[in-house]
There are 2 protein chains.
Amino acid sequence: MATGRTHRPATRSRGIPEATVARLPLYLRALTALSERSVPTVSSEELAAAAGVNSAKLRKDFSYLGSYGTRGVGYDVEYLVYQISRELGLTQDWPVVIVGIGNLGAALANYGGFASRGFRVAALIDADPAMAGKPVAGMPVQHTDDLEKIISDNGVSIGVIATPAGAAQQVCDRLVAAGVTSILNFAPTVLTVPDGVDVRKVDLSIELQILAFHEQRKAGEESAADDGDGAAEPAVTKAQHRKGPDGDVPAVMPA
Amino acid sequence: MATGRTHRPATRSRGIPEATVARLPLYLRALTALSERSVPTVSSEELAAAAGVNSAKLRKDFSYLGSYGTRGVGYDVEYLVYQISRELGLTQDWPVVIVGIGNLGAALANYGGFASRGFRVAALIDADPAMAGKPVAGMPVQHTDDLEKIISDNGVSIGVIATPAGAAQQVCDRLVAAGVTSILNFAPTVLTVPDGVDVRKVDLSIELQILAFHEQRKAGEESAADDGDGAAEPAVTKAQHRKGPDGDVPAVMPA
DNA sequence: GACTGTGAAGACTTTCACAGCA
DNA sequence: TGCTGTGAAAGTCTTCACAGTC
């Protein structure tokens with residue numbers, strides 16, 4: 001099974017597990033805060049607490065990077081900040097473009113967290129001619145027509161898509177064709193990309209839906225004190241339901 | 001993907017794995033699109049493609065909900081929309097408050113994806129007195145002083161935090177004290193909450209950092225064609241590095 | 001014949017618990 | 001003594017592959 005992988009092949013991360021990679025930014029944030037308070041060293045226990053994970057996990061994560069701690073003492077804060085930054089590729093400058101300057105795109109353009117982590121917003125792009133030239137976050141919005149030129153002139157390899165869902169795939173295709181190989185997608189749609197291009201998505205409503213799921217559980221559990229198969233509601237219960245083409249089930253949702 | 005929850009052992013989700021729950025909104029979105037095109041049934045293969053997962057995973061996921069398909073045919077779109085909505089708790093109305101009406105908070109307030117999924121923005125709250133009364137997304141911003149009253153008057157159990165990092169924990173504490181049991185956190189900080197409260201976080205810069213990590217790998221791999229232990233760079237390689245209190249390593253990062 | 005539902009295998013992730021070093 | 005680094009165990013998630021059903 002050489003190349004023909006379906007979609008997300010875990011991207012051969014030179015031994016560092018994906019789950020660990022996803023936590024490195026968390027550690028980095030906690031470490032940066034310590035660094036700003038001039039704390040010289042930190043134990044796995046303390047750092048784990050600051051990052052919101054447990055210490056065994058943190059130590060295991062760090063063990064994939066190397067042996068950067070000192071037994072009996074802990075980790076040198078500055079040194080670890082450097083190592084993690086390097087591992088994440090943050091010691092270099094990453095120009096990014098944001099496409100789709102609506103409410104969300106504008107908020108992203110104004111978001112300080114990017115610049116402070118080695119990301120530089122190289123351009124803001126929107127399809128609306130009326131937006132062109134208007135300043136957002138101190139930077140003139142450019143028109144989609146120039147997308148390809150902007151990408152190549154600035155050597156951009158990371159693109160952020162904040163367009164409506166309908167436009168996202170098209171924008172994505174153009175970004176990829178122009179040389180972008182990493183995409184952060186805020187549009188509520190699935191993007192199809194060729195092999196070698198990474199996509200990460202952030203969907204605001206999905207997060208709320210997951211919360212709602214657990215919230216519903218909590219409410220249900222209040223009544224059923226025992227931990228059984230708490231089928232508190234008279235609703236359809238698991239496998240036993242057989243659907244009919246009609247039945248008592250509402251056929252449509254509140255769209 | 002942004003995960004949440006401070007620690008807690010998987011919140012007793014009545015058998016449905018957390019990973020499955022996290023994908024239900026994805027399926028729901030794909031199904032809703034099919035429904036709008038009046039597609040009556042769909043196979044696991046088709047739906048999986050539309051949701052960006054593979055079909056085995058999708059079938060396994062659905063098997064946790066019940067036997068809702070028909071062998072040889074596929075799934076009834078409307079029926080599945082209903083079942084998933086119910087499972088996620090979207091057949092009821094969830095009032096939410098957004099605290100922190102800066103760029104991001106305002107973007108969230110304007111975001112259409114909430115309302116269409118059973119979430120109703122009940123109030124916008126900000127600490128800045130100058131914001132109070134100003135309309136955002138057709139709704140007057142209210143002052144933090146009234147937070148507790150707003151929560152209880154509206155029966156809010158889900159809160160969205162979009163404040164600066166420094167204010168987030170305090171806002172969180174007040175939300176929780178007022179009765180909120182689910183929190184979606186956009187502030188780049190770890191929130192501490194009591195047992196029984198769920199937190200999910202979305203951190204924009206973390207997603208970019210993960211992309212940067214993979215981006216850096218891609219750049220590195222270009223040189224090393226063979227798939228060996230591609231230690232292409234002359235940099236520190238795994239466990240063999242021994243740190244000194246100085247050495248050739250820069251001690252400080254570009255903050 | 002087509003497609004779902006699911007045990008079983010495999011991969012990945014977390015946690016435990018302790019040896020080993022400063 | 002105090003704390004890291006890590007094998008091994010436990011737990012979770014994904015994938016396979018095929019029996020079962022329409």
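Reminder, nothing fancy here: chain letters follow the sequence lines and each chain counts from 1. The structure presented is a predicted model; accordingly, all values stated were derived computationally and were not measured. Atoms considered below: every heavy atom in the structure, side chains included; atoms not considered: hydrogens, waters and symmetry mates.
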Whole angstrom is fine here: how far is it from CG in A/N54 over to C1' in C/dT14? 8 Å

Go through the steps for A/C172 and A/L191 under the test side-chain contact (heavy atoms from CB on, under 4.5 Å), then give the verdict. CA-CA 7 Å; A/C172 174; A/L191 294 179; 4.0 Å; yes

Rounded to the Å, how far apart are B/E45 CD and C/dA2 P? 13 Å

Rounded off to whole Å, could you give me the CG-to-C1' distance for the B/L58 and C/dC3 pair? 12 Å

If each of B/S43 and A/A19 is mapped to the nucleotide of DNA chain C with the nearest heavy atom, which maps nearer the 5' terminus, i.e. the 5' end? B/S43

Which nucleotide in the list D/dC16, C/dT14, D/dT21 gets nearest to the side chain of B/R71? D/dT21

Atom CZ of A/F62 to atom P of C/dT13: distance rounded to whole Å? 17 Å

Can you find a side chain N or O atom of B/R59 that sits less than 4.0 Å from OP1 or OP2 on D/dG20? no

Does a side-chain N or O from A/S44 land closer than 4.0 Å to OP1 or OP2 of D/dC3, or not? no

Phosphate OP1/OP2 of D/dG5: any A/Y75 side-chain N/O under 4.0 Å: yes

Between A/Q83 and A/Y79: side-chain donor-acceptor atoms closer than 3.5 Å: yes

Can you tell which of D/dT4, D/dG5, C/dT4 lies closest to the side chain of A/S63? D/dG5

Compute the centroid of each ring, for A/Y111 and then for A/F114, and state whether the two points are separated by less than 6.0 Å. yes

Any donor-acceptor pair under 3.5 Å linking the side chain of A/K218 with the backbone of B/T181? yes

Atom-to-atom span, OH of A/Y64 to P of C/dC12 - whole angstrom: 11 Å

Name the residue closer to the 5' end of DNA chain C, choosing between A/G72 and A/K60 according to the nucleotide with the nearest heavy atom. A/K60

Whole angstrom value for the distance that separates P of C/dT4 from CG of B/D61: 14 Å

Rounding to a whole Å, what distance do you find between B/K57:NZ and C/dA11:P? 16 Å

Taking only the side-chain heavy atoms of A/S67 (C-beta and beyond), determine which of C/dG5, D/dG5, C/dT14 contains the nearest atom. D/dG5

Separation of D/dT4 atom C1' from A/L65 atom CG, nearest Å, is 14 Å

Would you call B/R23 and B/E18 a salt bridge, using N to O less than 4.0 angstrom? no

